[in-house]
Amino acid sequence: MEKKTTAPAAKPAAPKSSKGGGLNPAFVIPILLVIGFCLWYFLLGDASNFSDAEKKHPTTAMGIVYSGGIIVPILLTFMLSVLVFSIERFITINNASGKGDLDAFVRKVRSLVDSNNIADAIKECDRQKGSVGNVTKTALQKYSQLAADDTMAKDQKLVALQKEVEEATTLELPMLEKNLTILSTLASVSTLVALLGTVIGMIRSFFALGSGGGAPDASALATGIAEALINTALGIGTSAISIIMYNLFTSKIDTLTYKIDEIGMSLQQNFAAHH
């Protein structure tokens, strides 16, 4: 007598994470370092920015910045890194919000779920796209699956629905938060490197004061002070922009997370009331 074997039931598909990990700092930062050095040496250090061949007497603003010394290309690299990663995060987080108005999308989905119109709510997610749309679609699909499941208790279904939302959110958030550590790190490192340039410039100024025995070298003294101030200005400016952009993007991510939590809570409350 032949025994019939039944195929195991297919497991529900795991939520897909968003593709698009963003720029890789290991490749981008060295390239920006080369660009920063080229800007400093060839553009700022161009002979037209100085009145002498030794490049000790700048006549333009670019020549003055060049006089900041070898720390300047490092600070320029930091500034370029802040600009590049800020643009990259801005595009990524805006795409994560989806195509339509996020608040309107949340209201529409909640309204459709309240009327038990899950199919149209899923279509709304397909139109919205983005991280919020992806997480919401995954949660709605799980909602439909649990609603048709007669083998689980109500409490177990609610736990499964909550877990599905949390897992989908966990897959989406790292994509949004990637490279924010670059901005937060540059916010503090830029100031420290600028301080190093300031110290180097002041050391040169003190050497100018102590050299020559009698009257100090006024030109060398002014050069050292200028180097110190230029490095300080570049470092503080880069740090300020980094802090502003980091806080801006963190706030946007918190808003997206709140919207996801709002939809997830609405789904759980609706499921508890109707199933």
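We use all heavy atoms of the structure for the numbers below, so side chains are in, but hydrogens, waters and symmetry mates are not.
- Note that the CG atom of Asp261 and the OG atom of Ser266 stand 12.5 Å from one another [nearest 0.5 Å].
- When hydrophobic side chains of Ile, Leu, Val, Met, Phe, Trp and Tyr are connected at separations under 4.5 Å, Ile91 ends up clustered with Ile87.
- Sequence neighbours left out, the pairs with a member in residues 181-209 that pass salt bridge (Lys or Arg N to Asp or Glu O under 4.0 Å) are Arg204-Glu227.
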Side-chain donor-acceptor pairs of residues 241-253 under 3.5 Å, sequence neighbours excluded:
residue, atom, partner, partner atom, Å
Ser242, OG, Thr238, O, 2.9
Asn247, ND2, Ile243, O, 3.3
Thr250, OG1, Tyr246, O, 2.8

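- Arg127 pairs by the side-chain hydrogen bond (donor to acceptor under 3.5 Å, both in side chains) definition with Glu124, not counting sequence neighbours.
- Here the side chains of Pro58 and Asn49 are not in contact, with every heavy-atom distance at 4.5 Å or above.
- Surrounding NZ of Lys129 are at most 12 heavy atoms belonging to other residues, nucleotides or ligands under 6.0 Å away.
- Taking every heavy atom of both residues into account, Ala139 and Val165 meet most closely at CB-CG2, 3.6 Å.
- Residues passing the salt bridge (charged side-chain N to carboxylate O under 4.0 Å, His left out) test with Lys137, sequence neighbours excluded: Asp126.
- When atom types are taken as modelled, the side chain of Ser111 and the backbone of Arg107 share no donor-acceptor pair closer than 3.5 angstrom.
- Among residues two or more places apart in sequence or in another chain, the side-chain hydrogen bond (donor to acceptor under 3.5 Å, both in side chains) test is passed with Asn94 by none.
- Every residue two or more places apart in sequence or in another chain that forms a side-chain hydrogen bond (donor to acceptor under 3.5 Å, both in side chains) with Ser239 is listed here: Thr191.
- By the 4.5 Å heavy-atom criterion applied to side chains, Ile263 and Val135 are not counted as neighbours.
- Applying the salt bridge (charged side-chain N to carboxylate O under 4.0 Å, His left out) rule to Glu177 yields no partners; only residues at least two apart in sequence or on another chain are considered.
- Take Glu262 and apply the side-chain hydrogen bond (donor to acceptor under 3.5 Å, both in side chains) test, not counting sequence neighbours, and it matches Arg110.
- Rounding to the nearest 0.5 Å gives a distance of 8.5 Å between CG of Asn116 and OG of Ser144.
- Here the CG-CD distance, from Asn134 to Glu172, works out to 5.0 Å after rounding to the nearest 0.5 Å.
- Here Asp254 pairs with nothing under the salt bridge (charged side-chain N to carboxylate O under 4.0 Å, His left out) rule; sequence neighbours left out.
- Pairing each heavy atom of Thr60 with each of Ser48, the nearest pair is CG2-O, 4.5 Å.
- For the side chain to side chain contact (heavy atoms under 4.5 Å, CB included) with Ser131, the lone residue among Leu176, Thr136, Leu256, Asn95 that qualifies is Leu176.
- A 6.0 Å sphere centred on CE of Met265 holds no more than 12 heavy atoms belonging to other residues, nucleotides or ligands.
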For this session: Could you check Ile122 against Ile118 for side chain to side chain contact (heavy atoms under 4.5 Å, CB included), going step by step and ending with a plain yes or no?
Result: CA-CA 6 Å; Ile122 292 176; Ile118 305 300; 4.2 Å; yes

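- At distances below 3.5 Å, at least one donor-acceptor pair connects side-chain atoms of Asn179 with backbone N or O atoms of Leu23.
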Can you give the donor-acceptor pairs under 3.5 Å from side chains of residues 181-188 to other protein atoms, not counting sequence neighbours?
residue, atom, partner, partner atom, Å
Ser184, OG, Thr181, O, 3.0
Thr185, OG1, Thr181, O, 2.7
Ser188, OG, Thr185, O, 3.0

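- At distances below 3.5 Å, at least one donor-acceptor pair connects side-chain atoms of Gln156 with backbone N or O atoms of Ala153.
- Between the side chain of Gln128 and the backbone N or O of Val106 there is no donor-acceptor pair closer than 3.5 Å.
- In this structure, His57 and Phe50 have side chains that are not in contact, with every pair of non-hydrogen atoms separated by 4.5 Å or more.
- Counting only distance, with no hydrogens or angles, the side chain of Lys157 and the backbone of Leu146 share a donor-acceptor pair below 3.5 Å.
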Side-chain donor-acceptor pairs of residues 28-41 under 3.5 Å, sequence neighbours excluded:
residue, atom, partner, partner atom, Å
Trp40, NE1, Tyr66, O, 3.2
Trp40, NE1, Gly69, O, 3.4

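- For the atom pair CG (Leu76) and OG (Ser81), the distance works out to 10.5 Å, reported to the nearest 0.5 Å.
- Side-chain atoms of Gln268 never come within 3.5 Å of backbone atoms of Gln162 as a donor-acceptor pair (strictly under, hydrogens ignored).
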For this session: Before giving the answer on side-chain hydrogen bond (donor to acceptor under 3.5 Å, both in side chains), spell out for Thr232 and Thr198 the whole-Å C-alpha distance, their side-chain angles and the decisive distance to 0.1 Å.
Result: CA-CA 6 Å; Thr232 302; Thr198 302; 2.5 Å; yes

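- No side-chain heavy atom of Thr138 sits under 4.5 Å from any side-chain heavy atom of Tyr143.
- No donor-acceptor pair closer than 3.5 Å links the side chain of Asn117 to the backbone N or O of Leu112.
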